[in-house]
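Heads up, the thing below is written out as structure tokens.
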Amino acid sequence: MNTTIIGFAYLLSGVLFILALKGLSSPVSARKGNTYGMLGMTIAVATTLYGAGSGLELSSYTNIIIAVAIGGLFGSVLARKISMTALPQLVAAFHSLVGLAAVFVAIGAYKNPAAFFDGGIISTGSMIEMSLGLAIGAITFSGSVIAFAKLQGLVSGNPLVFKGQHLINLIIFLGILTLIYMTAVDPMSPSTEQYFWMIVGLSFFIGFLVVLPIGGADMPVVVSMLNSYSGWAACGIGFTLQNTALIITGALVGSSGAILSYIMCKGMNRSIVSVLLGGFGGDGDTAAAAAAGGPKGNVKQGSADDASFIMSNAQKVIIVPGYGMAVSQAQHALREMCDILKEKGVEVRYAIHPVAGRMPGHMNVLLAEANVPYDEVFELEEINHEFATADVAFVIGANDVTNPLAKTDPQSPIYGMPILDVEKAATTLFLKRSMASGYAGVDNDLFFRDKTMMLLGDAKKTTEEIVQALNLS
């Protein structure tokens with residue numbers, strides 16, 4: 001009877017997880033998707049504790065409750081305190097914790113097989129599953145640590161490359177596979193332990209090596225791929241624990257993360273292999289080189305009053321948000337500005353590039369926070385053709401994803417990346433702190449065009465000044 005109840009509960013949690021993913025595919029249903037996910041996880045955790053009830057002592061339950069309380073309190077405080085600009089770093093940090101948890105579970109299962117396997121014997125199949133979960137978890141942890149450091153600015157965003165890195169990575173990867181085979185040949189042999197710990201060490205090491213060569217401009221894809229890795233790590237450990245819910249959850253996260261990574265790479269006109277082998281972009285020398293050899297010319301600077309006059313007389317304005325909006329937290333002021341424009345009879349729409357910001361969906365989250373109507377927000381493919389009919393393209397910090405050099409300069413590191421065609425609008429208003437290059441380290445040719453007016457300064461302050469000017473007009 002217990003087995004039937006547990007199986008049904010895990011099936012129900014799996015269905016809820018699928019509904020959660022479906023809900024998260026649209027901003028309109030995202031809140032409902034989150035609710036489904038939380039409910040599914042609650043059922044999964046409760047079912048796991050119920051299934052293990054006969055083998056747990058009261059002290060074990062006490063420890064579990066304490067751990068859940070500490071983790072829940074920490075997560076709640078962090079979720080309320082974290083700024084929206086730091087959300088990508090937070091996601092990378094969470095991925096690292098998932099990977100580390102997989103490593104700890106694998107180590108616990110290997111050191112105490114009696115608690116995990118029938119008769120205390122690790123079979124060849126179980127060893128393979130456990131070793132794969134261990135390796136992927138370790139790679140996820142160390143790779144996520146580097147991703148966090150790059151996003152936080154603790155490590156340079158420039159790709160860290162060295163001669164022979166691909167060969168070294170290949171040798172280490174093949175070495176990990178060989179060690180997994182050697183542990184699986186005789187899992188219970190005392191000599192196997194040294195192979196096990198070698199898998200741990202090499203997996204942590206290669207996680208650093210595969211993310212360090214990836215440049216800052218590719219970080220959204222890296223975050224997405226690490227999400228996929230964390231899912232596959234959980235799935236592998238799910239087989240070790242013989243936990244159906246963990247297997248289902250891990251497979252869903254792994255596959256959805258892989259699909260999202262593919263979509264992100266398509267949005268950047270890059271292959272997943274090229275991103276893993278070494279991305280583009282960064283700061284420091286790359287930006288300096290771009291500044292030295294990039295486009296030069298006259299720059300037309302304007303004021304908030306100029307922007308207010310131009311948009312007041314427009315019929316159609318397309319807003320293009322980017323990381324600059326996130327840094328200045330200008331989304332609420334932007335929403336107020338757009339509300340005033342709509343009251344004046346101006347058609348307002350928002351254009352979102354798939355890699356705007358520092359993580360997938362970054363701009364959508366910010367706009368949702370400001371209660372921007374979902375039916376006004378469009379993806380690149382849906383709205384790109386409308387720039388030619390727009391009177392104004394209002395760009396707020398979206399540098400690389402609007403750079404025309406991606407279409408015209410084969411020597412540019414962003415060449416081939418699909419961009420938002422803001423240069424086709426009658427007028428482009430560009431809000432930036434300075435004339436500095438974007439995260440990819442490439443100057444934007446759009447800044448120097450006759451139809452572009454630069455509004456330099458803090459984006460939130462500038463937008464608030466435009467709101468004041470609009471109210472007076």
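Taking CD1 of Ile171 as the start and OG1 of Thr178 as the end, the distance is 11.5 Å to the nearest 0.5 Å. For the atom pair CE of Met41 and CG of Leu16, the computed distance is 11.0 Å after rounding to the nearest 0.5 Å. One finds the CG atom of Leu446 at 11.0 Å from the CG atom of Leu420 (value rounded to the nearest 0.5 Å). Here the CD1 atom belonging to Ile396 is positioned 8.5 Å from the CD atom belonging to Gln331, to the nearest 0.5 angstrom. Between the OG atom of Ser230 and the CG atom of Leu97 there is a distance of 10.5 Å, given to the nearest 0.5 Å. Atom CH2 of Trp197 and atom CG of Leu134 lie 8.5 Å apart (nearest 0.5 Å).
Considering every non-hydrogen atom in both Glu382 and His385, the closest pair reads O-CE1, 3.0 Å. Among all heavy-atom pairs drawn from Ile172 and Leu202, the shortest one is CG2-O, 4.0 Å. The minimum heavy-atom distance between Asn169 and Ile206, with the atom names listed, is O-CD1, 3.6 Å. The shortest non-hydrogen separation linking Ser142 to Phe204 is OG-O, 2.8 Å. Minimum heavy-atom separation, Phe430 to Asn399: CZ-CA, 4.1 Å. Closest approach of Phe196 and Ala106 over heavy atoms only: CZ-O, 3.8 Å.
Remark: the backbone N or O of Ser96 is not paired with any side-chain donor or acceptor of Thr140 at under 3.5 angstrom. Remark: side-chain polar atoms of Asp445 are not paired, donor with acceptor, to backbone N or O of Pro404 under 3.5 angstrom. Side chain of Thr428 to backbone of Thr452: no donor-acceptor contact under 3.5 angstrom is found. Ser203 places no side-chain N or O within 3.5 Å of a backbone atom of Val200 that could act as its donor or acceptor partner. Looking only at distances, no side-chain donor or acceptor of Arg433 sits under 3.5 Å from a matching main-chain atom of Asp458. Side-chain atoms of Thr183 come within 3.5 Å of backbone atoms of Ile180 as a donor-acceptor pair (strictly under, hydrogens ignored). Ser255 places a side-chain N or O within 3.5 Å of a backbone atom of Leu252 that can act as its donor or acceptor partner. A donor-acceptor pair under 3.5 Å is absent between the side-chain atoms of Thr192 and the main chain of Met188, judged by distance alone. In this structure, the side chain of Ser29 engages the main chain of Gly23 through a donor-acceptor pair within 3.5 Å. Not a single donor-acceptor pair under 3.5 Å links the side chain of Ser228 to the backbone N or O of Ser224.
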Chi angles and distances behind the salt bridge (Lys or Arg N to Asp or Glu O under 4.0 Å) call for Glu423, Lys407: CA-CA 12 Å; Glu423 79 273 11; Lys407 297 188 294 184; 2.9 Å; yes

Chi angles and distances behind the side chain to side chain contact (heavy atoms under 4.5 Å, CB included) call for Ile383, Glu379: CA-CA 6 Å; Ile383 201 171; Glu379 300 296 330; over 6 Å; no

Side chain to side chain contact (heavy atoms under 4.5 Å, CB included) between Val320 and Phe387, intermediate numbers included: CA-CA 11 Å; Val320 181; Phe387 282 103; 3.9 Å; yes

Trace of the side chain to side chain contact (heavy atoms under 4.5 Å, CB included) decision for Ile122 with Met130: CA-CA 10 Å; Ile122 306 176; Met130 184 168 61; 4.3 Å; yes

Full working for side chain to side chain contact (heavy atoms under 4.5 Å, CB included) between Ile419 and Thr402: CA-CA 5 Å; Ile419 63 167; Thr402 61; 5.8 Å; no

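The side-chain heavy atoms of Tyr110 and Met127, taken from C-beta on, include a pair separated by under 4.5 Å. Between Ile176 and Phe205 the shortest side-chain heavy-atom distance does not fall below 4.5 Å. In this structure the side chain of Ile318 never reaches within 4.5 angstrom of the side chain of Phe394, judged on heavy atoms. Contact check for Ile352 versus Asn364: side-chain heavy atoms found under the 4.5 Å cut-off. For the pair Glu369 and His332, the minimum side-chain heavy-atom distance is below 4.5 Å. Between Asn227 and Leu260, the closest side-chain pair of non-hydrogen atoms is not below 4.5 Å. Looking at heavy atoms from C-beta onward, Leu367 lies in side-chain contact with Pro321 at the 4.5 angstrom threshold. The shortest side-chain heavy-atom distance between Phe141 and His95 does not fall under the 4.5 Å cut-off.
Of the listed residues (Leu246, Thr249, Thr48), just one forms a side chain to side chain contact (heavy atoms under 4.5 Å, CB included) with Tyr10, and that residue is Thr48.
Glu386 pairs by the salt bridge (charged side-chain N to carboxylate O under 4.0 Å, His left out) definition with Lys316, Arg349, not counting sequence neighbours. Residues forming a salt bridge (charged side-chain N to carboxylate O under 4.0 Å, His left out) with Lys111 (at least two apart in sequence, or on another chain): Glu193.
In summary, the aromatic rings of Tyr350 and Phe378 are positioned with their centroids too far apart to meet the 6.0 Å limit.
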